[in-house]
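The structure appears below as structure tokens.
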Amino acid sequence: MLAELYFKRRPGCWKMLAVAVCMVLLAGLQAQDLQGHVSVILLGATGDLAKKYLWQGLFQLYLDEVGKGYSFSFHGAALTSTKQGQEFVAKVLESLSCPEDVAPERCAELRGRFQQRSQYRRLRTSEDYMALSKDIEAQLQHEGLREAGRIFYFSVPPFAYADIARSINSSCRPGPGAWLRVVLEKPFGHDRLSAQQLATELRSFFQEEEMYRVDHYLGKQAVAQILPFRDQNRKALDGLWNRHHVERVEIIMKETVDAEGRTGFYEEYGVIRDVLQNHLTEILTLVAMELPYNVSSSEAVLRHKLQAFQALRGLHKDSAVLGQYQAYSGQVRREQQKPDSFHSLTPTFAGILVHMDNLRWEGVPFILMSGKALDERVGYVRILFRNQAYCAQTETRWVADQSQCLPRQIVFYIGHGELGSPAVLVSRNLFRPFLPSGSWKEVEDRPGLRLFGRPLSDFYAYSPVREQDAYSVLISHIFHGRKDSFITTENLLASWAFWTPLLDSLAHEAPRLYPGGAENGHLLDFEFTGTQLRFSQQQPEQLVPGPGSAPSPSDFQVLQSKYRDSPLISAWPEELIAKLADDIEATAMRAVRRFGEFHLALSGGSSPVPLFQQLATRHYGFPWAHTHLWLGDERCVPLRDPESNFQGLQAHLLQHIRVPYYNVHPMPVHLHQRLCAEEDQGAQMYASEISALVTNSSFDLVLLGMGTDGHTASLFPQSPAGLEGPQPVVLTRSPSKPHQRMSLSLPLINRARKVAILVMGRMKREITLLVSRVGHEPKKWPISGVLPSSGQLVWYMDYEAFLG
Ligand code: BG6
């Protein structure tokens, strides 16, 4: 009635209304028919990921979008033959499921339609890609459809990327006006350089906006909720989300599975590359980034994320603790056909301490942790707030939503664990959070269930109304072009720039062995002070890699004989190292008993690494407090350089034992900001230090190795420096890089009370044979000049070096 009156008075409005109604109807019609056709090409359609998640995700996409005016075709593709591929895909499609609220008959009908739109084809050659494109065009024409876009999902190993990308770029791009989206799965490189190379290669085929790099953790519902939660609870969080209130942030992904069956991949990557560099780092940035004004702007989110990367403080070795489950090396030996002596250094567990250098987070520890073969499967991000209150009442009177003395925390619970589903938890004494009721519902209390030290009833707890698998979420985001759920090239490279230096510095680090599962006990607990992280428990002896479990003396099958008229001890590598470590310990005990101190000079290289690892376990018996550690030789590089002998000693021994720091004597190769310059007199300085501290400059024990050219310490054939003469310490030149060296001279070595020469591995067989026959010819074979004037010389050779 009112409307009638209104339009009578304003006749022009009738016209406007009619036009508006027509437009709405037209838009409706367009929505029905004209949104266009989308072709999805799933590459690797017969692989595990496709079988487990991707086909289901595509089916979900179809269910969500087909009613909104899109039409679809799905092309499963792989190298598998057409017949086999078709059979495989048919089987997978049969098993697709619908959301719980869809009745079974309706589900069967929808699945049938999806099956009709899906087919398998073999894609191998560039001609195959051309044919695919032609078929898509023919179908569009035949059905009178407008093309909206094409999605190519690369569920294939990265080595296959370049060829596929080339074929798509040259012959499978959609026509004008339609979009192309290519979806890529990790690994996206192995370090900064390889990631950069891969990115450059991909950029030669695709535009940045065409690429969707998947990190499936960004599709996990609790992770995807971090930014919306921060946005929707701005009022409560504004004052809290900073260093004044947050005590620490824990970003955790624990797994019970191990790496069996995929050690080929795992050996190359390890836990940091596999999980921390991507999943946990992405979560870190979501928590730490400045919240954009508009969180639904992909561009703003990505920009703020990148800024968060820039605020990350660089990591160093002490920022990490590493572990490896005990069965791992055996699995690698079996699966990769490695010899029995092989021991992997790949970590399967890592705890990392991260700091951000910005005003918001300065001083707040972010703890990232992940591992295989742990006691439970669970993932979460926990923001623990400081407790600044004292409660005068007795604890039994504390009330969950009022007492400021109870822990205050916000947890994005990614899944599994005690709760068994994704959730967002907020301590009741913080605030009542807002979560969109259409997608999140309150969790019913489960009496007896405790999470993070508190009963579930202490939290406002929400879980998704409809649990969705991460890939389904991401496939929908790809379809809607939501780039903020994916890894941009800049983001990827920023992450690798952050992790690569740490990975490099840890490359030779021996991880702590752990038994796996509940038996891990407290072995992997770690703690931090300042910027350093370390295991809470000292390493028990039997859990050190390298020599395996510590053998008892009766286990030895050690051959004792003579080599170059000196005692020779020969055994399998593990036994040999254990025997040498025992002998060193016995020598140390004797020296300390007699003189109050023990002076040990050690060489670098790879042979002594297992020895260092073995010595590192001897916390109690070895008189470390009275031991002085000297270097037999050094490379002219900074001490932190991975090439430095001191660095090897630091990594495998020093950091695990308690030697007073004034007892550690690195060679002064780096003086006045230059390396081994004659004028800096580093060699003379070292000689003076030795003569000041070591009685008669006579070391209690010098450990040497023997090079394949007969060199020892850094005394090389055909180079006279250090073979004779009065200089105790000399600068020398090595034929291999780094060329410049500093070394104890032969005369100084020969003053030692005892010299042990350790020779390991088949590569040493020839020189061992040769040196057994030569006389005293240090100019040709410096090792032949090692002959302590009044001390003892003992050779330690493993069977491979000695018997070949
Ligand atoms: C993958 C890693 O990215 O994530 C695996 O390569 C790991 O090693 C997996 O097991 C864990 O994912 P989810 O979804 O099972 O937690």
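We number each residue from 1, following the sequence as shown.
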Lys/Arg N to Asp/Glu carboxylate O, [X] vs [Y], below 4.0 Å:
X      : Y      : answer
Glu147 : Arg150 : yes
Glu509 : Lys317 : yes
Lys305 : Glu282 : yes
Arg166 : Asp163 : yes
Asp135 : Arg121 : yes
Arg377 : Glu255 : no
Lys83  : Glu87  : yes
Arg334 : Glu260 : yes
Arg635 : Asp641 : no

Does [X], at its [atom1] atom, have more than 12 non-hydrogen atoms belonging to other residues, nucleotides or ligands within less than 6.0 Å?
X      : atom1 : result
Lys186 : NZ    : yes
Glu490 : CD    : no
His316 : NE2   : yes
Arg640 : CZ    : no

4.5 Å side-chain heavy-atom contact, [X] and [Y]:
X      : Y      : answer
Leu218 : Val223 : yes
Val301 : Leu227 : yes
Leu58  : Leu42  : yes
Glu137 : Ser133 : yes
Ile283 : Leu368 : no
Val183 : Phe154 : no
Glu210 : Gln207 : yes
Leu284 : Val354 : yes

Strictly under 6.0 Å, is that where the ring centroids of [X] and [Y] end up?
X      : Y      : result
Phe59  : Phe74  : no
Tyr120 : Phe88  : no
His652 : Phe612 : no
His190 : Tyr269 : yes

So, does [X] use its side chain to make a donor-acceptor pair with the main chain of [Y] at under 3.5 Å?
X      : Y      : result
Glu800 : Met760 : no
Arg146 : Gln35  : yes
Glu250 : Ile367 : no
Asn278 : Arg273 : yes
Glu376 : Lys254 : no

(Q) The test is side chain to side chain contact (heavy atoms under 4.5 Å, CB included); show your working for Ser344 and Glu267 and say whether it passes. (A) CA-CA 8 Å; Ser344 167; Glu267 246 318 76; 2.7 Å; yes
Q: Apply the test side-chain hydrogen bond (donor to acceptor under 3.5 Å, both in side chains) to residues Tyr413 and Gln221: give CA-CA distance (whole Å), side-chain angles for both, the deciding distance (0.1 Å), then the verdict.
A: CA-CA 9 Å; Tyr413 201 86; Gln221 285 169 296; over 6 Å; no
Q.
According to side chain to side chain contact (heavy atoms under 4.5 Å, CB included), who are the partners of Tyr471, at least two apart in sequence or on a separate chain?
A.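 Here the qualifying residues are Leu49, Tyr53, Leu54, Tyr153, Glu185, Val214, His216, Asp469.
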Between [atom1] of [X] and [atom2] of [Y], what distance do you get to the nearest 0.5 Å?
X      : Y      : atom1 : atom2 : result
Asp258 : Thr348 : CG    : OG1   : 8.5 Å
Thr256 : Leu374 : OG1   : CG    : 8.5 Å
Tyr217 : Lys220 : OH    : NZ    : 4.0 Å

Listing, residues 493-504 side-chain donor-acceptor contacts under 3.5 Å, not counting sequence neighbours, or none:
{"from": "Ser495", "atom 1": "OG", "to": "Gln277", "atom 2": "O", "distance (Å)": "2.8"}
{"from": "Ser495", "atom 1": "OG", "to": "Gln277", "atom 2": "NE2", "distance (Å)": "3.1"}
{"from": "Trp496", "atom 1": "NE1", "to": "Phe188", "atom 2": "O", "distance (Å)": "3.1"}
{"from": "Trp499", "atom 1": "NE1", "to": "Thr281", "atom 2": "OG1", "distance (Å)": "2.9"}
{"from": "Thr500", "atom 1": "OG1", "to": "Arg192", "atom 2": "N", "distance (Å)": "3.0"}
{"from": "Thr500", "atom 1": "OG1", "to": "Trp496", "atom 2": "O", "distance (Å)": "2.6"}

Q: May I ask you to establish whether Lys372 and Phe349 are in a cation-pi arrangement, using a distance under 6.0 Å from NZ or CZ to the six-membered ring centre and at most 45° from the ring axis?
A: no
Q: Run the numbers on Tyr70 and Phe479 for ring pair (Phe, Tyr, Trp, His ring centres under 6.0 Å), then give the verdict.
A: CA-CA 11 Å; Tyr70 285 102; Phe479 182 76; 4.8 Å; yes
(Q) Would you say Thr488 and Glu208 are linked by a side-chain donor-acceptor pair, where the criterion is simply a distance under 3.5 Å? (A) no
